[in-house]
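Worksheet: one structure, shown below.
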Amino acid sequence: MAKAILPDGSFREYPDGTTLFDIAASIGSRLAKAAVVGEVNGALRDLSFRLVGEAKVRLITEDAPEALPIMRHSCAHILAEAVTKLFPNVKLAIGPPIDDGFYYDFEMERPFTPDDLASIEAEMRKSIAANVPFQRSEASKADAGARLEKAGQPYKVELANDLPDGSITFYQHGAFSDLCGGPHIPATGRAPAFKLTHVSGAYWRGDAKNKMLQRIYAVAFVKPKQLEEHLARVEEAKKRDHRVLGKELDLFSFHEEVGAGLVHWHPKGAMIRSIIEQVWRDEHLAHGYALTYTPHIASEKLYEISGHLQNYAQNMYAAMEIDERKYRVKPMNCPGHIMIYKTRLHSYREMPLRMAELGTVYRYEEPGVLGGLTRVRGFTQDDAHIFCRPEQVEDEVLNVFNFVVEFLCLFGMNDYEIYVATRPEKAIGSVEMWDKAVASLKRALERTKLAYQVDEGGGAFYGPKIDLRIKDCLGRPWQCSTIQFDFNLPERFDVYYIAEDSSKQRPYMVHRALLGSLERFFAVLIEHYGGAFPLWLAPVQARGIPIADRHNEACHKIAAQLRAAGARVEVDDSSERTNYKIREAAMQKVPYMLVVGDREAASGQVSVRERSGADLGAMPIEKFLEAFAAKVKDRK
Ligand SMILES: [Zn+2]
Ligand SMILES: [Zn+2]
């Protein structure tokens with residue numbers, strides 16, 4: 001007899017050789033319908049697996065996290081079947097599941113075309129409609145090799161040669177057979193909802209010395225609705241891509257003549273940045289920070305003391321010589337702030353001491369990782385360093401945390417993941433110091449009542465940290481804010497304060513950035529709003545649209561009046577038709593369009609339209625300004 005011990009601890013007995021599918025069916029027809037594979041003593045098995053003797057058995061239904069990769073990978077077999085049917089000479093490589101779907105690598109004499117993808121997809125749907133079972137068979141290494149050789153599948157021969165004898169299995173569905181360890185869905189009818197998306201080149205075994213194969217990508221999800229939602233999210237993300245919007249809305253650019261990863265902020269992007277910087281400064285002053293500026297280059301001596309030269313040189317640009325002394329472009333603002341701190345003695349009464357700077361730094365990044373504003377080589381951190389007494393650090397971390405949350409809220413970002421990163425293997429400072437610091441980070445977070453996760457070993461070598469990953473409106477996380485302990489620099493620079501008993505004491509040092517860097521945050525902001533910035537951030541808040549040339553003067557007068565009241569206004573006095581001008585302003589995502597014709601010019605009114613297309617009708621300029629100013633004041 002076979003005995004299946006179920007996850008709840010109960011057991012059921014069956015004749016030896018009963019399949020997992022029949023076990024599922026004996027428990028309930030719903031389970032049999034939803035099961036994809038089973039787990040027997042911890043190993044994933046096909047539903048056709050025959051149970052012998054006693055074993056722990058768990059049936060995995062399609063809503064379980066383990067099911068989706070198996071469904072995706074099984075669909076890759078169906079893809080290979082379809083390609084083989086349409087292109088009998090194709091050579092098959094591998095077809096694993098990936099995030100959001102799966103791929104399969106092929107060697108073909110000509111490139112796949114979009115039309116090919118459509119016919120392949122149609123062929124796959126036929127196979128799925130036929131609902132043919134996946135059948136597993138075992139083969140000796142010699143037999144497998146001979147069989148694959150005969151089938152003209154050199155990549156599969158290579159794969160089989162790498163496997164130990166006795167572990168080689170084939171899976172067949174319909175006329176198609178593939179070397180594979182499994183497990184798979186019971187039959188093609190259980191394939192996930194999928195869509196072939198694109199083809200790209202991929203080297204066999206990821207090695208550029210090998211032949212370039214063609215990789216067909218697909219997205220796949222359990223339910224058609226999930227697939228649709230995913231495709232809609234991808235479409236939306238494409239529309240919101242900050243690199244695309246950056247061009248369309250004339251916000252920033254990069255230049256080959258200047259070099260990779262070096263951003264030029266155009267007037268409209270710079271306007272948004274200057275608004276962010278202004279509110280940043282105001283809020284920092286209100287939160288008890290002092291503002292500083294420090295030089296962009298410093299003698300190597302500074303970075304010798306800080307240890308950057310020894311530990312961070314790979315990210316620093318080469319030295320330049322000035323007056324027979326070597327200088328470096330600054331990669332971090334911290335040493336500069338420490339210099340300011342050390343210019344005089346500090347009493348315990350002054351603590352915590354908070355120094356903030358919009359500090360521009362330059363760091364080397366590999367060319368391959370540069371892309372848009374998210375990874376650049378020159379950027380401005382919204383940096384600050386806090387020096388405090390050890391007993392103040394928990395309150396101080398909590399203050400910073402609340403400040404971050406409050407500040408992000410101004411930009412409509414209320415959703416984030418919180419991580420506490422702990423001691424990595426290579427670290428300075430005693431385990432005891434680390435434990436104490438991590439405990440104070442955790443206590444501070446516990447006081448916020450927000451859930452957080454622990455990133456074991458994810459801290460920097462010089463201290464643990466809290467990372468905040470902002471989730472944008474599409475739910476994508478972005479690493480921006482960070483609150484970072486430092487055991488290293490206060491020691492290296494011999495930073496101290498005078499305690500109550502007149503002794504010299506080492507302060508705790510915290511590095512923190514609310515936004516991370518202005519460049520990266522701008523990328524998040526553009527994608528979060530899809531370029532339609534709220535009124536208070538919009539670089540152009542209103543565009544005057546004269547209906548005909550004779551209204552230009554009245555329109556310019558209105559614009560001047562609005563500008564005097566603090567609004568950012570431009571006038572489209574081109575000779576285009578009104579509808580075209582309105583469409584153009586909406587494409588530039590200008591919040592308000594103020595149309596001026598005969599009626600408006602005569603009565604001192606404007607016809608107000610929103611970028612959404614809503615027509616608010618004609619109103620006196622004063623009335624428009626009142627509502628406008630109220631919105632800007634509320635940062636709406
Ligand atoms: Zn497989
Ligand atoms: Zn720092």
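Indexing begins at 1, ligand by ligand and atom by atom, following the structure's order.
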Can you see whether E406 engages N402 through a side-chain donor-acceptor pair at a distance of less than 3.5 angstrom? no
Residues L47 and P186: closest non-hydrogen pair is CD1-CG, 3.8 Å
Short of 2.8 Å from the Zn ion (ligand 2), name each protein N/O/S atom, waters not counted. C334 SG, H385 NE2, H511 ND1
Within the distance-only criterion (no hydrogens, no angle test), does the side chain of R363 pair as donor or acceptor with the backbone N or O of M332 below 3.5 angstrom? no
Can you confirm whether the side chains of R273 and T380 place a donor and an acceptor under 3.5 Å from each other? yes
By the definition salt bridge (charged side-chain N to carboxylate O under 4.0 Å, His left out), identify the one residue from K330, R281, R512 that meets it with E357. K330
Less than 6.0 Å separating the ring centroids of F387 and Y497? no
Degrees at the Zn ion (ligand 1) between the NE2 atom of H77 and the NE2 atom of H73, nearest 10°: 110°
